[in-house]
Amino acid sequence: MKPDAIPAEKVSKHEGPYDPGYAAWERAKIERGLAQSRDRAAMIPVEQVWRDLKLEG
């Protein structure tokens, strides 16, 4: 079955106003992620991620 949507329409720019607080929320989320990525001790070891996802070879 062929989809009705044109691929270009799926990635086109959003038209219309965004929620006023969205840009601030997005920026705060990115800044929290960057700060969290600087703390190497808090990161999950890649071996554990592989085990949890059953991707170990």
Looking at NZ of Lys29 and CZ of Arg32, how far apart are the two atoms once the value is rounded to the nearest 0.5 Å?
-> 6.5 Å

Kindly state each residue pair satisfying ring pair (Phe, Tyr, Trp, His ring centres under 6.0 Å) with at least one member in residues 23-49, sequence neighbours excluded.
-> Tyr22-Trp25

Linking Ile, Leu, Val, Met, Phe, Trp and Tyr through side-chain heavy atoms less than 4.5 Å apart, which residues share a cluster with Ile30?
->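 In the cluster with Ile30 are Leu34.
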
Has Gln36 got more than 12 heavy atoms of other residues, nucleotides or ligands less than 6.0 Å from its CD?
->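 Not more than 12 within 6.0 Å, no.
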
Flag the pair Glu31 and Arg27 as a salt bridge only when some basic side-chain nitrogen lies within less than 4.0 angstrom of an acidic carboxylate oxygen.
->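 So Glu31 pairs with Arg27 through a salt bridge.
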
Val46 and Met43: same hydrophobic cluster, using ILVMFWY side-chain contacts below 4.5 Å?
->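 Val46 does not cluster with Met43.
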
